[in-house]
Amino acid sequence: MNDDILRIAIQKSGRLSEDSLKLIKECGIRFDNGAGKLKTDATNFPAQILFLRDDDIPGYVEDGVAHLGIVGGNVSEESDKNVDTVHKLGFSKCRLSIGVLSEHQYDGVHDLEGKSIATTYPRLLGKYLEANGVKAQIHEISGSVEIAPSIGLADAVCDIVSSGSTLLSNGLKEVETIFRSEAVMIASKQLSQTQQGLLDQLLFRIKSVQEAKNNKYILLNCPTDAVENISRFLPGMRAPTILPLATEGWCSLHSVINENEFWENIEKIRQAGAEGILVIPIEKMIQ
Ligand SMILES: Nc1ncnc2c1ncn2[C@@H]1O[C@H](COP(=O)(O)OP(=O)(O)OP(=O)(O)O)[C@@H](O)[C@H]1O
Ligand SMILES: O=P(O)(O)OC[C@H]1O[C@H](OP(=O)(O)OP(=O)(O)O)[C@H](O)[C@@H]1O
Ligand SMILES: [Mg+2]
């Protein structure tokens with residue numbers, strides 16, 4: 001087996017596929033993923049991409065058949081495989097929750113005592129029930145979990161929730177959240193030194209892509225005497241760039257603004273005298 005390449009397993013088709021491929025491409029790794037191809041070589045990085053069912057990925061990574069994998073944290077935790085979670089990827093955010101029939105008067109986790117709960121996540125549910133001292137019957141099914149209470153298969157469900165619309169349309173309400181999930185990168189514990197070096201390069205690229213997404217490049221015009229005040233809201237990477245305008249007493253200020261603080265700070269910046277504000281996406285950001 002070639003110890004000098006990274007074999008990266010991603011979901012073949014499903015909710016993680018598009019974002020996983022996009023992330024790899026944003027990291028500058030090029031490959032040809034012709035339809036139906038289950039394995040492809042990168043053309044400009046020592047990597048090979050494997051397209052698999054997501055449930056199989058933690059096992060492949062544990063065995064070292066794949067060196068890296070992108071899966072939901074829920075799948076990785078449920079699998080209980082001996083792998084390292086090396087990075088959180090920020091997409092496919094969802095939660096694993098318990099739902100009961102909407103008309104059920106739910107008074108807390110002890111209500112589940114003696115009940116049956118349908119789930120695809122028996123391990124995570126079992127751990128949660130045990131931690132809460134509740135004995136319930138876990139009924140493992142592999143999909144369409146939310147149908148279970150309405151057909152008398154179980155009293156409750158434990159499944160992935162995002163918007164909550166699947167629970168709602170099946171007459172259920174969310175009563176407990178047992179796990180918060182997002183896509184994660186998992187790695188084998190048996191990487192060669194070369195593979196570890198390649199993983200470090202890849203993580204550096206992923207962090208630069210994520211950092212860029214969390215920030216915007218901002219350009220604005222302001223009176224020169226307002227620069228100090230405006231700069232307080234734009235800590236930037238080190239300090240803002242100030243360029244004189246052709247109009248006496250005015251300048252152009254360039255900086256970086258955090259996406260989360262954007263709307264709150266933009267108002268303060270306007271009040272401090274800024275005008276002609278442009279906000280531009282950043283492709284990569286290296287601190
Ligand atoms: N509604 C949702 N919103 C956000 N993320 C979700 C949602 N449903 C699932 N996910 C996340 O996406 C992952 C993949 O979901 P998907 O439905 O594609 O899995 P799957 O049907 O098991 O796929 P596969 O065919 O590869 O086994 C889940 O494990 C979870 O982490
Ligand atoms: O809270 P919501 O936004 O409604 O999302 C939750 C639903 O999404 C997932 O199913 P998915 O749509 O992927 O179908 P599948 O699991 O049957 O493939 C999950 O299994 C839930 O049923
Ligand atoms: Mg699956």
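Just follow the structure's listing: the first ligand is 1, and inside any ligand the first atom is 1. As a basis for the values below, the full set of heavy atoms in this structure was taken, side chains included, without hydrogen atoms, waters or symmetry mates.
Contacts with ligand 1 closer than 4.0 Å are made by backbone heavy atoms (N, CA, C, O) of Lys93 only, the side chain lying farther away. Only the side chain of Asn74 comes within 4.0 Å of ligand 1, counting heavy atoms alone; its backbone N, CA, C and O stay farther away. At a heavy-atom distance under 4.0 Å, only side-chain atoms of Gln11, from C-beta outward, approach ligand 1.
Close contacts of ligand 1 with Val75, meaning ligand atoms under 4.0 Å from a residue heavy atom, involve 29 (O). The ligand atoms of ligand 2 that sit less than 4.0 angstrom from a heavy atom of Val161 are 1 (O). With ligand atoms numbered from 1 in the order given, ligand 1 contributes 31 (O) to contacts under 4.0 Å with heavy atoms of Gly72. The atoms of ligand 1 that sit less than 4.0 Å from any heavy atom of Gly14 are 18 (O). Shown in contact with Ser162 at under 4.0 Å from a heavy atom are these atoms of ligand 1, numbered in order with element: 1 (N), 2 (C), 3 (N). Taking every non-hydrogen atom of Ile160 and a distance limit under 4.0 Å, the qualifying atoms of ligand 1 come out as 7 (C), 8 (N), 9 (C).
Shown here, atom 16 (O) of ligand 2 is out of close reach of the protein: none of its heavy atoms lies under 4.0 Å off. Under the 4.0 Å distance rule, the nearest protein heavy atom to atom 21 (O) of ligand 1 falls outside the cut-off.
Counting protein heavy atoms only, atom 12 (O) of ligand 1 is closest to Arg15 CB, 3.7 Å. When only non-hydrogen protein atoms are considered, atom 3 (O) of ligand 2 lies nearest to Ser163 OG, 2.6 Å. What sits closest to atom 14 (C) of ligand 1 on the protein, heavy atoms only, is Asp54 OD2, 3.5 Å. Protein heavy atom nearest atom 6 (C) of ligand 2, with residue, atom name and distance: Ile160 O, 3.3 Å. Scanning the protein heavy atoms around atom 11 (C) of ligand 1, the nearest turns out to be Cys94 SG, 4.0 Å.
Polar contact check, Tyr121 against ligand 1: no nitrogen or oxygen pair lies under 3.5 Å apart. Ligand 2 has an N or O atom lying under 3.5 Å from an N or O atom of Gly164, backbone or side chain.
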Inset, instruction - Tell me, with the steps shown, if Asp159 and Glu146 meet side-chain contact (heavy atoms from CB on, under 4.5 Å). - result: CA-CA 8 Å; Asp159 198 22; Glu146 291 91 343; 3.0 Å; yes
Inset, instruction - Could you give me the CA-CA distance, side-chain angles and deciding distance for Ile147 and Leu153, then say whether side-chain contact (heavy atoms from CB on, under 4.5 Å) is met? - result: CA-CA 8 Å; Ile147 201 176; Leu153 187 72; 5.8 Å; no
Legend entry - Derivation of the side-chain contact (heavy atoms from CB on, under 4.5 Å) call for Leu125 and Ile98: CA-CA 9 Å; Leu125 175 59; Ile98 297 179; 3.9 Å; yes
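Closest heavy-atom approach to atom 20 (O) of ligand 2 within the set Asp159, Leu168, Thr166: this belongs to Asp159. One option in Glu78, Arg95, Glu182, Arg53 has a heavy atom closer to atom 24 (P) of ligand 1 than any other, and that option is Arg53. When the heavy atoms of Arg15, Arg95, Glu174, Glu146 are ranked by distance to atom 13 (O) of ligand 2, first place goes to Arg15.
Between Ser13 atom OG and Glu18 atom CD the span is 12.0 Å, to the nearest 0.5 Å.
Between the side chain of Gln11 and the backbone N or O of Leu16, at least one donor-acceptor pair lies under 3.5 Å. Counting only distance, with no hydrogens or angles, the side chain of Arg30 and the backbone of Ala42 share no donor-acceptor pair below 3.5 Å.
Looking only at its N/O/S atoms, Asp54 has OD1 as the one nearest to the Mg ion (ligand 3). Between the Mg ion (ligand 3) and the N, O or S atoms of Asp55, the shortest distance is to OD1.
Salt bridge status for Lys127 with Glu130: absent, with no side-chain N to carboxylate O gap under 4.0 Å. Electrostatic pairing of Asp54 and Arg15 does not count as a salt bridge here, judged by no charged N lying under 4.0 Å from a carboxylate O. Between Arg232 and Glu228 there is no salt bridge, since none of the side-chain N atoms of the basic residue sits less than 4.0 Å from a carboxylate O of the acidic one.
Residue His67 is tested with Arg7, Gln196, Gln195 for a side chain to side chain donor-acceptor pair (under 3.5 Å); the sole match is Gln195. With respect to Leu89, the side-chain contact (heavy atoms from CB on, under 4.5 Å) criterion is satisfied by exactly one of Val209, Val184, Ile70: Ile70. Evaluated for a salt bridge (Lys or Arg N to Asp or Glu O under 4.0 Å) with Lys216, the options Glu211, Glu259, Glu283 yield exactly one hit, Glu259.
Counted by atom type alone, Tyr121 and Glu77 present zero donor-acceptor pairs between their side chains at under 3.5 Å. Checked by atom type, the side-chain pair Ser97/Thr177 shows a donor-acceptor distance below 3.5 Å.
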